[in-house]
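Below, read A as the first sequence line, B as the second, and so on, with proteins coming before strands; counting in each chain starts at 1.
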Protein chains: 4
Amino acid sequence: MPRTKEQNDQMSAATRKKIETAGLACFVQKGFALTSMKDIAKAAGISTGLIYRHFASKQELFTQLVDNTMMEMAETIRFLDSDGNPSRTLTQVTSGLLKDIQGNEPISQYFILMTRSLLALEPLPQMSELKKIDLLLFQQTARLIEEGQKLGEFRQGDPYQLSLFFFSVIQGVADMKLFMGDRFMVPPVEDVMAFLYS
Amino acid sequence: MPRTKEQNDQMSAATRKKIETAGLACFVQKGFALTSMKDIAKAAGISTGLIYRHFASKQELFTQLVDNTMMEMAETIRFLDSDGNPSRTLTQVTSGLLKDIQGNEPISQYFILMTRSLLALEPLPQMSELKKIDLLLFQQTARLIEEGQKLGEFRQGDPYQLSLFFFSVIQGVADMKLFMGDRFMVPPVEDVMAFLYS
Amino acid sequence: MPRTKEQNDQMSAATRKKIETAGLACFVQKGFALTSMKDIAKAAGISTGLIYRHFASKQELFTQLVDNTMMEMAETIRFLDSDGNPSRTLTQVTSGLLKDIQGNEPISQYFILMTRSLLALEPLPQMSELKKIDLLLFQQTARLIEEGQKLGEFRQGDPYQLSLFFFSVIQGVADMKLFMGDRFMVPPVEDVMAFLYS
Amino acid sequence: MPRTKEQNDQMSAATRKKIETAGLACFVQKGFALTSMKDIAKAAGISTGLIYRHFASKQELFTQLVDNTMMEMAETIRFLDSDGNPSRTLTQVTSGLLKDIQGNEPISQYFILMTRSLLALEPLPQMSELKKIDLLLFQQTARLIEEGQKLGEFRQGDPYQLSLFFFSVIQGVADMKLFMGDRFMVPPVEDVMAFLYS
DNA sequence: GATGAATGAGCTTTCATTCAT
DNA sequence: CATGAATGAAAGCTCATTCAT
């Protein structure tokens with residue numbers, strides 16, 4: 001009496017989700033290299049072998065997680081930029097990010113994950129990641145900045161470079177928080193965005 | 001006839017230097033855990049065994065590198081803060097750092113190394129490092145900022161937290177440069193220091 | 001479908017046994033330091049990695065083997081000393097040991113292992129072993145000798161020292177057998193115990 | 001102004017002697033595998049490279065030392081057996097050996113070295129050693145026992161096997177002394193030789 | 001002859017991945 | 001689908017041996 005296809009699919013999806021959640025937690029906590037498949041399996045409450053039914057390799061699981069994260073982030077930005085006020089939109093996004101970082105929310109650690117994802121791995125698969133990051137996150141933000149510049153809200157300058165610098169600052173703050181823990185308080189939104197108004 | 005002591009010392013120093021240079025490059029590029037001693041040996045053009053004549057373990061080599069760069073950095077700052085003009089001093093330091101990062105100079109890699117030093121390793125040896133970093137670099141800069149505040153050059157606020165944020169930005173920029181390569185131009189000094197004047 | 005717990009336990013126990021058998025043979029033949037995990041794996045017909053599922057380290061495997069054999073030996077003696085005739089009991093034990101040694105039985109290898117356990121290793125873990133050996137084996141035999149003395153079966157003298165000498169002789173015979181192979185015939189029981197009747 | 005041939009030979013011999021002395025001490029203390037060439041060089045007060053001018057390998061140095069030891073021992077026995085009283089001669093030899101063992105004299109540890117020499121190494125070179133041991137030490141003692149049997153001093157039986165058992169006991173006592181240290185007192189000569197008179 | 005820097009094979013150990021069940 | 005025993009490549013590290021000086 002085999003299960004129906006729907007039941008199987010549902011179980012499969014649930015398992016996949018468990019793996020992703022466990023994997024994210026582990027990678028953020030200990031980094032790619034020091035996270036073992038056994039760690040992830042244990043955190044997900046399944047066997048190591050089962051992971052390989054859902055992801056071809058540790059690397060692929062990691063890549064998938066980075067992908068997910070980026071999608072989410074880009075999604076956030078897209079939703080927020082509908083109302084025509086770039087300055088307020090970016091302020092809201094930034095404020096949300098800073099709060100996450102201050103509270104050590106998992107989302108805040110995506111920035112750390114993201115940077116790490118590049119350095120640990122062979123050049124080929126990275127390129128595809130890079131393009132996605134570029135497209136989804138940096139370019140989206142660049143467009144937001146460009147609109148702000150047209151409205152006179154932000155200072156002039158290459159929007160894409162300003163976008164990169166914006167994420168540099170966020171990345172740096174996330175790193176410092178991880179590094180210093182309670183000894184570091186995330187700065188106010190105005191400080192983070194100061195360079196856009198000068 | 002055996003080599004003279006001078007010859008040996010010279011050879012030793014040259015080899016050690018080669019190892020440190022290669023090690024720094026590898027650690028920055030791939031992180032601690034994913035850098036193998038063989039990688040370093042190959043980059044240095046020597047055998048793996050020889051590294052162990054100069055450093056007792058991979059960990060010790062890494063720690064030494066963090067130490068080195070930190071000292072250098074603290075040195076730089078100390079030399080610069082003699083003339084009584086904090087704003088100009090910090091501008092000079094920042095400008096120097098940004099140039100290093102843009103040119104991929106080894107010193108710029110320090111910030112990346114620093115963050116990495118936390119992950120992947122046992123808490124104890126890190127703690128001593130952390131204290132040194134705290135003392136030499138962050139506190140030194142905090143003092144500089146404090147003086148600038150007294151002179152009305154910088155905005156008010158906890159100098160230590162402002163110092164940490166300053167280094168967050170530098171750290172973020174260094175990471176982004178490593179991440180994006182030629183697609184990222186380091187921002188002008190004014191952008192990096194904007195938050196201090198707002 | 002996964003294996004049942006029973007199946008796994010059975011496989012596990014079988015593998016563990018193979019490792020112990022192979023390990024004992026290797027350690028006895030070549031000593032601790034010169035026996036490689038690869039040697040043991042090859043002798044057991046498994047991969048090196050698998051050993052580490054069952055023993056945390058080479059050292060722990062070795063310690064386990066010493067433990068095993070000691071327990072077995074002490075067990076033997078305990079069972080035999082119930083009938084109140086120390087001389088006959090010890091004769092039986094000795095006879096059994098000599099037959100084992102002559103036939104290169106695994107138990108005979110214990111004496112060689114025992115001595116080896118001292119060399120090449122840190123003092124701490126050995127000490128605990130030493131105490132167990134002392135207690136279980138030497139003292140047990142000493143008690144047997146003491147009883148024999150009271151019954152006038154054995155010559156007078158410190159029972160513990162006589163016990164140690166007894167095991168010296170057994171140890172020496174086991175070594176010589178290993179050393180000379182077929183060129184050496186183990187001596188008759190009377191020769192080995194001669195000193196107890198003089 | 002080069003040294004004369006005599007001077008060179010003398011220096012060479014002195015160095016060789018230093019190496020042998022240092023090597024013996026190290027091997028006895030820590031065994032073959034755990035003694036490094038650096039250990040020996042340091043103990044001899046020379047460089048590691050210099051050892052290789054006198055011995056082709058660690059193995060060969062070890063073999064040489066075992067050889068030396070055996071020669072010495074055989075020499076001792078030969079000298080002692082001139083006066084026509086085998087029982088007294090063997091008693092003297094045994095007494096000397098036991099005293100050495102009790103006092104942890106280096107000579108006493110030759111027995112341990114001797115056994116070890118076999119087990120650590122390839123079969124071919126051992127064979128030559130084995131023959132020498134057989135010839136010089138065991139057979140010499142066997143002859144002594146045979147003479148004693150003719151004179152009615154020792155019990156009957158294959159003299160060679162009795163000789164082997166005699167050395168088994170000595171070997172066992174030396175091992176036990178190493179193993180137990182001060183907790184073990186070497187037995188009186190009569191105990192060690194008891195089996196020869198039964 | 002003498003040195004010790006340098007090499008690289010080989011060791012113990014870990015862990016991503018496979019596969020019989 | 002799910003398990004975890006088993007594999008083996010690769011890591012960090014040691015040390016016998018070589019060789020430029």
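Regarding C/K38, its NZ atom lies at a distance of 14 Å from the P atom of F/dT7, rounded to whole Å. Atom CG of A/L34 and atom C1' of F/dA11 are 13 Å apart (whole Å). We find that CZ of A/F27 is positioned 9 Å from P of E/dA16, with the value rounded to whole Å. Atom NZ of B/K30 and atom C1' of F/dA10 are 12 Å apart (whole Å). Look at CZ on B/R53: it is 20 Å from P on F/dG12, rounded to the nearest Å. Whole-Å rounding puts the C/M11 CE to F/dG4 C1' distance at 8 Å. Taking atom CG of B/L50 as the reference point, atom P of F/dA16 lies 17 Å away to the nearest angstrom. The NZ-C1' distance, from D/K58 to F/dT18, rounds to 17 Å in whole Å.
Contact annotation: B/T15 reaches the phosphate of E/dA6 (side-chain N/O to OP1 or OP2, under 4.0 Å). Here C/Y52 does not reach the OP1 or OP2 of E/dT14: none of its side-chain N or O atoms lies under 4.0 Å away. Contact annotation: B/R3 does not reach the phosphate of E/dT3 (side-chain N/O to OP1 or OP2, under 4.0 Å).
In this structure, B/K17 NZ and B/H54 NE2 are separated by 13.5 Å, a value rounded to the nearest 0.5 Å. With values rounded to the nearest 0.5 angstrom, A/Q64 atom CD is found 5.5 Å from A/D67 atom CG.
For C/S36, the side-chain atoms get nearest to E/dC11 when compared with the rest of F/dC15, E/dC15, E/dC11.
Considering all non-hydrogen atoms of both residues, A/R16 and A/F55 come closest at NH2-CE2, 3.4 Å.
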Dot-bracket encoding per residue of DNA chain E, Watson-Crick/G-U cut-off under 3.5 Å, | denoting interstrand: .||||||||||||||||||||

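Nucleic acid contact class of B/S57 (heavy atoms, under 4.0 Å, all strands): sugar-phosphate only.
Residues A/T48 and D/I46 both approach DNA chain E. Their nearest nucleotides, taken by heavy-atom distance, put D/I46 toward the 5′ side. Mapping D/A56 and A/S47 onto DNA chain F by nearest heavy atom places A/S47 at the nucleotide closer to the 5' end. Residues D/M37 and B/Q7 each lie close to DNA chain F; by heavy-atom proximity, the contact nearer the 5' end of the strand is made by D/M37. Both C/D39 and B/I51 lie close to DNA chain E; mapped to their nearest nucleotides by heavy-atom distance, the more 5′-ward contact belongs to B/I51.
Between D/F32 and D/F27, the angle of the ring planes stays under 30°, which puts this pair in the parallel group of the 30/60° scheme.
Looking only at side-chain heavy atoms (C-beta outward), A/T63 and A/V66 stay at 4.5 Å or farther from each other. Taking the side chain as every heavy atom from C-beta outward, B/E20 and B/L24 never approach each other to under 4.5 Å.
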Distance-only donor-acceptor hits, side chain of residues 35-46 of chain D, under 3.5 Å, sequence neighbours excluded:
residue	atom	partner	partner atom	Å
D/T35	OG1	D/C26	O	3.2
D/T35	OG1	D/G31	O	2.7
D/S36	OG	D/K38	N	3.4
D/S36	OG	D/D39	N	3.1
D/S36	OG	D/D39	OD1	3.4
D/S36	OG	D/D39	OD2	3.3
D/D39	OD2	D/K30	NZ	2.8
D/D39	OD2	D/S36	N	3.1

